[in-house]
Amino acid sequence: MSSRQVPHSLFDRSEVSDWRDTVIHLFSFSKSYAIPGQRLGAIVAGQSVLKPLEAVLDTIQACPPTLPQIALRSILPSLRPHLNNTAQSIASRHSVFGNVMASVAPRWRIGCQGGYFAFIRHPFEDKTSSEVCEDLATRVGIAFLPGGNFATEQGGLITKDGEEFAQRWVRIAVANVDEDQLAEVAKRLATFEELSGWNLV
């Protein structure tokens, strides 16, 4: 998403570490500019990643149609206002969601927010994220994705306090719902705490 403010400091150089050793940034023109099917994007990474990646790309066909690319080149600047408006709208939804969760369902802790999604730590003891997601869907009509969908079989994504990502975290999409619906999500999560009958942390 586009913004006039710097969204993060991951690309800053420091005496301790260099982002090129730890960060791979992926960007999709197709998604950001709402142009489906074009398969146009960019990768920002260190040379240790880009060199072998170039070798892989040489072995596959990864070229979208040429004529649409030529047409898009001239109109992309005119789409910047739409891109900026979308970024501001999504940022506003994240802000609303963070505030309403803190006031209505504070046990569901937001771990990170950005782009189209947010990751939330559920408050139940001895329940996996898959179990929580299944019951949320059947009891209160909320569709989350379990954290296990975004971790390796070895539990590769681990939170800073050592808990397995797959066990305690769920993901919600905030881009395709309005602010009233986000507030309703928080209300249903608070209701689910009582309906489930599960032990809370």
Side-chain angles (χ1 to χ4, degrees), residues 1-3 5-10 22-28 30-32 34 36 41 83 85-201:
M1 292 282 95
S2 173
S3 172
Q5 299 179 345
V6 178
H8 55 71
S9 59
L10 293 176
T22 57
V23 176
I24 299 175
H25 176 73
L26 304 178
F27 178 80
S28 169
S30 304
K31 289 184 178 179
S32 296
L83 184 64
N85 290 339
T86 300
Q88 293 172 7
S89 174
I90 292 177
S92 174
R93 291 176 199 172
H94 275 296
S95 177
V96 167
F97 186 58
N99 291 335
V100 74
M101 286 291 290
S103 61
V104 178
R107 290 190 178 94
W108 298 75
R109 181 168 62 84
I110 297 176
C112 62
Q113 292 177 269
Y116 298 122
F117 308 104
F119 280 94
I120 306 172
R121 183 178 184 273
H122 73 73
F124 302 107
E125 290 183 346
D126 304 322
K127 294 295 178 181
T128 67
S129 59
S130 295
E131 291 174 310
V132 172
C133 287
E134 182 177 353
D135 266 38
L136 282 171
T138 57
R139 294 194 180 198
V140 294
I142 295 177
F144 284 174
L145 288 178
N149 288 16
F150 309 95
T152 66
E153 292 183 0
Q154 292 77 28
L157 294 180
I158 305 297
T159 64
K160 63 182 180 180
D161 54 0
E163 292 179 325
E164 290 189 13
F165 191 86
Q167 299 298 315
R168 301 305 305 273
W169 295 84
V170 297
R171 192 186 78 168
I172 177 177
V174 302
N176 58 349
V177 291
D178 60 31
E179 295 181 358
D180 290 339
Q181 289 171 319
L182 290 173
E184 179 64 23
V185 167
K187 293 177 182 177
R188 293 190 187 188
L189 289 178
T191 299
F192 181 74
E193 292 177 16
E194 299 181 7
L195 287 178
S196 69
W198 295 340
N199 294 329
L200 297 168
V201 175

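In this chain, numbering begins with 1 at the start of the sequence shown.
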Partners meeting side chain to side chain contact (heavy atoms under 4.5 Å, CB included) with [X] (sequence neighbours left out):
X	value
Glu194	none
Gln181	Val177, Asp178
Arg139	Asp135, Phe192, Leu195, Ser196

Answer yes or no: is there a side-chain heavy-atom contact under 4.5 Å between [X] and [Y]?
X	Y	result
Val185	Ile142	yes
Leu189	Leu136	yes
Ser89	Arg93	yes
Gln113	Val174	no
Trp169	Ser129	no

I need the minimum non-hydrogen distance between [X] and [Y], along with the two atoms involved.
X	Y	value
Ala105	Ala186	CB-O, 3.6 Å
Leu200	Glu193	CD1-OE1, 4.2 Å
Leu145	Cys133	C-SG, 3.6 Å

Residue pairs fulfilling side-chain hydrogen bond (donor to acceptor under 3.5 Å, both in side chains) with at least one residue in residues 183-192, sequence neighbours excluded: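 Listed by first then second residue: Glu184-Arg188.
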
Partner residues of Ser95 under the side-chain hydrogen bond (donor to acceptor under 3.5 Å, both in side chains) criterion, sequence neighbours left out: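 Partners of Ser95 under the side-chain hydrogen bond (donor to acceptor under 3.5 Å, both in side chains) test: none.
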
Distance in Å, Arg121 CZ paired with Cys112 SG, rounded so as to fall on 0.5 Å steps: 13.5 Å

Euclidean distance, Asn85 CG relative to Ile90 CD1, rounded to 0.5 Å: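 One gets 11.5 Å once the value is rounded to the nearest 0.5 Å.
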
Sidechain-backbone polar pair: Arg168 side chain, His122 backbone, donor-acceptor under 3.5 Å: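 Judged by distance alone, yes, a pair lies under 3.5 Å.
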
Qualifying ring pair (Phe, Tyr, Trp, His ring centres under 6.0 Å) pairs, either residue in residues 96-115, two or more places apart: Trp108-Phe124

